[in-house]
There are 4 protein chains.
Amino acid sequence: MTSHSPQLFSIVPGSTEPIYRQLVEQVRRLVAGGQLAPGDALPSVREVALQLAVNPMTVSKAYGLLELESVLERRRGVGMLVADRPRKRSGEGDINARLALLRPTLERAAREARELELDPDTVLSLFKAILKESP
Amino acid sequence: MTSHSPQLFSIVPGSTEPIYRQLVEQVRRLVAGGQLAPGDALPSVREVALQLAVNPMTVSKAYGLLELESVLERRRGVGMLVADRPRKRSGEGDINARLALLRPTLERAAREARELELDPDTVLSLFKAILKESP
Amino acid sequence: MTSHSPQLFSIVPGSTEPIYRQLVEQVRRLVAGGQLAPGDALPSVREVALQLAVNPMTVSKAYGLLELESVLERRRGVGMLVADRPRKRSGEGDINARLALLRPTLERAAREARELELDPDTVLSLFKAILKESP
Amino acid sequence: MTSHSPQLFSIVPGSTEPIYRQLVEQVRRLVAGGQLAPGDALPSVREVALQLAVNPMTVSKAYGLLELESVLERRRGVGMLVADRPRKRSGEGDINARLALLRPTLERAAREARELELDPDTVLSLFKAILKESP
DNA sequence: GTGGTCTAGACCACA
DNA sequence: GTGGTCTAGACCACG
């Protein structure tokens, strides 16, 4: 069964962050967050490449790295599946692990806010608005 | 008299963001935030290169791009100065301009939080803690 | 299919004008003159570097600056193309723009002729001969 | 006798052409054109430096190079004088020598005009206007 | 194959 | 001392 999630992935094409790495980190987060559960099938390389208007090799490279990391498993004739490693979902430790994945970006935002001499409360209310915006 | 700003700039060496671009954006923010005021001298190319353990050409490239943008001015035999363009500090428009510079990073954090299926309030309180932490 | 433009660019190696700037101005003129039309591919960095016996980074710097100016566009995995901006070719305004690009060099020549105490008519006939010579 | 020519020299500060070289070539032309005759005194280093708002070392370097070339002579306690080498003024050969000094700039202008796809006659009439303009 | 980034080190122009 | 230019060569991202 091929998942037809209309837009599981999204990339920022103008970024200096390489596309394959944007994909790798996105999958890691989706797995950590439980939106991709062990055994779930990922969209095929071609499908993703088409959706994102990206070279298939780029997607393939991301999948390959995730396989090396044991986040994904390659199943002959089937495609890539989320690996089922021992994962303690909905526990306390898990929340901390997920917060740890988010922390670097929050720290970057905090550093930039400081360099811009912005008031923490102003920044917090903007962030709150953005957070509750698109889900 | 050499300015001995102990660490005006900081870079993330492992990042995929090119070093010269990290520097460009950092200077833009420091100027927008007023920490670098028109007429201020920037640390010399060599000084920054030493502090960051980076090749002088990399710093020079950043300074050169900022000169093209008219954020900096080159003074023969003196060094780079912050350009004095008409800037309306401490006005409303200015705050919005600075928030606009911060927005992309906040949006990135929000997207990552969503992918991690993290509760907005949990994220906000972590961000609040980070924001009030290091200054 | 590699374009084999036998010698699109030429530089004066001994000049004090930096090579990258000679290239930038040359491309600007070729685009302004229409010899490089929007969508045209430029010779690759490596190709130009070989032809001119110059370091690839020098060519790359010129291309990068022209991209910042929106004279060129970078196409991933393809190379640099002439940007297709609204350009009014063969109009009056266009001729004036092109003459404006030439004026500084003509003024320099006039100043030098004056310093050499050369008769304007003598200078004009020499220039006429040179102009109709090499095309 | 110190010559007080209010502005014997002129430079283009924004140019990539080094100032000392602009000065060297200007003196060569003024000597070739006869505006500076053998035995004439040149303005002092300090005087030129003040007039042009340039570092005295830069002027000194230019004079030094012209001395090496035997275009100028250094006279202790007097200053720099134009050297009196055998020079056949107002003869045919001399005109050719002066035209030869001008030729590179004319060739550069012709090349630029060609790259701009400008009509030779248009270029010639612009040049004529400039030539008869400022003397 | 394309362009981009970076290094280590040289030399130049200017103050 | 300042910044600017260039080289030779390495490695990366993308197609």
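Throughout, a chain's letter reflects where its sequence line sits, starting with A, and its residues are numbered from 1.
Taking the salt bridge (Lys or Arg N to Asp or Glu O under 4.0 Å) definition, one finds that D/R28 meets it with D/E69, sequence neighbours left out. C/I19 pairs by the side chain to side chain contact (heavy atoms under 4.5 Å, CB included) definition with C/I11, C/L23, C/V54, C/T58, not counting sequence neighbours. The salt bridge (Lys or Arg N to Asp or Glu O under 4.0 Å) search around D/R46 returns none, not counting sequence neighbours. For B/R111, there are no side chain to side chain donor-acceptor pair (under 3.5 Å) partners at least two apart in sequence or on another chain. Contacts of A/R21 classified as side chain to side chain contact (heavy atoms under 4.5 Å, CB included), with partners at least two apart in sequence or in another chain: A/E17, A/P18, A/E25, B/T16. Checked against salt bridge (Lys or Arg N to Asp or Glu O under 4.0 Å), B/E107 has the following partners two or more places apart in sequence or in another chain: B/R103. Residues passing the salt bridge (Lys or Arg N to Asp or Glu O under 4.0 Å) test with C/E73 are C/R75, sequence neighbours excluded.
Secondary-structure stems of DNA chain E, taken as three or more successive Watson-Crick or G-U wobble pairs (i with j, i+1 with j-1) under a 3.5 Å distance threshold, comprise E:1-14 with F:1-14.
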task: Starting at the 5' end of nucleotides 4-14 of chain F, put B wherever the base has a protein heavy atom under 4.0 Å, S where only the sugar-phosphate does, and a dash everywhere else.
output: SSBBB----SS
